[in-house]
Amino acid sequence: MSQKCQNLQVDAIVAVESRGFIFGAPLACQMGKPFIPVRKEGKLPGETVSVAYTLEYGSNVMEMHLADVNEGDRVLIVDDVLATGGTLLATTELVEKAGGQVAGIGLLIELEGLGGRNVLGHYDIFSLIQY
């Protein structure tokens with residue numbers, strides 16, 4: 001994953017709870033960039049920005065620290081799997097709500113038959129494994 005990211009110009013790495021942390025934290029460390037966690041509602045202390053979204057089996061709310069992304073910051077969003085795209089779309093909304101720009105989305109696995117890439121439309125997405 002770090003090889004795919006080496007030429008990206010990013011200010012921070014945003015990772016989605018919780019398996020995204022497994023990839024996002026070491027990637028941020030290797031790239032020398034801040035690590036920003038996105039978590040389910042109520043798990044982060046301090047002031048957060050939140051987005052409610054629907055899933056194929058219900059709804060959820062994701063949060064991120066408001067102060068972690070500055071106006072104009074370019075961020076890479078990292079997660080383990082792209083399925084239907086709901087959680088990652090909510091994460092892009094969090095970044096943009098805080099004033100950041102999504103420079104790309106990096107994934108370990110993309111489940112192509114579930115249409116997540118279509119939901120994420122115009123974002124630059126890479127996955128290491130497509131199934």
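Numbering starts at 1 and runs along the sequence shown.
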Got Thr54 and Asn60 here, is their nearest side-chain heavy-atom distance under 4.5 Å?
no

Pairwise ring pair (Phe, Tyr, Trp, His ring centres under 6.0 Å) hits with a residue in residues 30-70, at least two apart
Phe21-Phe35

Show every donor-acceptor pair shorter than 3.5 Å between a side-chain atom in residues 22-29 and any protein atom, with sequence neighbours excluded, or say none if there are none.
none

Which atom names give the shortest non-hydrogen contact between Asp73 and Asp68, and what distance separates them?
OD2-O, 4.3 Å

Kindly check if the number of other-residue, nucleotide or ligand heavy atoms within 6.0 Å of NZ (Lys97) is above 12?
yes

Point-to-point distance, once rounded to the nearest 0.5 Å, from CG of Asp11 to CE of Met31
10.0 Å

Would you say CD of Glu47 has more than 12 non-hydrogen atoms from neighbouring residues, nucleotides or ligands within 6.0 angstrom?
no

Is there a side-chain contact between Met64 and Thr48, using heavy atoms and a 4.5 Å cut-off?
no

I'd like to check Val95 versus Gln101 (side-chain heavy atoms, cut-off strictly below 4.5 Å). Are they in contact?
no

With the side chain counted from C-beta on, respond yes when Val78 and Val14 share a heavy-atom pair under 4.5 Å apart, and no when they do not.
no

I need the Asp80 CG to Ser18 OG distance, nearest 0.5 Å.
8.0 Å

OH of Tyr123 to CD1 of Ile77, rounded to nearest 0.5 Å, is 7.0 Å

Would Val69 and Val61 show up in the same hydrophobic cluster when neighbours are defined by side-chain heavy atoms closer than 4.5 Å?
no

Is there a side-chain contact (heavy atoms from CB on, under 4.5 Å) between Leu128 and Leu107 once you walk through the steps?
CA-CA 7 Å; Leu128 302 181; Leu107 306 153; over 6 Å; no

What about Phe126 and Tyr131, same hydrophobic cluster or not, with Ile/Leu/Val/Met/Phe/Trp/Tyr joined at side-chain heavy-atom distances under 4.5 Å?
yes

Tell me, do Asp124 and Ile105 make a side-chain contact under 4.5 Å, heavy atoms counted?
no

So CG of Asn118 and CD of Glu112: to nearest 0.5 Å the spacing works out to 10.5 Å

So, do Leu8 and Leu76 sit near enough that their side-chain heavy atoms are less than 4.5 Å apart?
yes

To the nearest 0.5 Å, what is the distance between CD (Glu17) and OG1 (Thr91)?
10.5 Å

Report the distance from atom CG of Leu82 to atom CD1 of Ile109, rounding to the nearest 0.5 Å.
11.0 Å

Quick one about Gln30 and Ser2 (side-chain donor to acceptor, distance below 3.5 Å, no hydrogens or angles considered), yes or no?
yes

So which of Leu94, Leu120, Thr92, Leu88 actually passes side chain to side chain contact (heavy atoms under 4.5 Å, CB included) with Val102?
Thr92

I want to check something: taking the side chain as every heavy atom from C-beta on, are Val81 and Leu108 in contact at a cut-off of under 4.5 Å?
no

Nearest heavy-atom neighbours spanning Gly20 and Ala15:
O-CB, 3.4 Å

Same apolar cluster: Leu89 and Val16, side chain cutoff 4.5 Å:
yes

pair Ile13-Ile36: side-chain heavy atoms closer than 4.5 Å
no

Do side-chain atoms of Glu63 reach the backbone of Gly42 as a donor and acceptor pair under 3.5 angstrom?
yes

Of the non-hydrogen atoms in Ser127 and Glu110, which two are nearest, and what is the gap between them?
OG-OE1, 3.0 Å

Could you tell me whether the side chain of Arg39 and the main chain of Met62 form a donor-acceptor pair under 3.5 Å?
no

Main-chain N/O of Val10 paired with Lys33 side-chain donor or acceptor, under 3.5 Å
yes

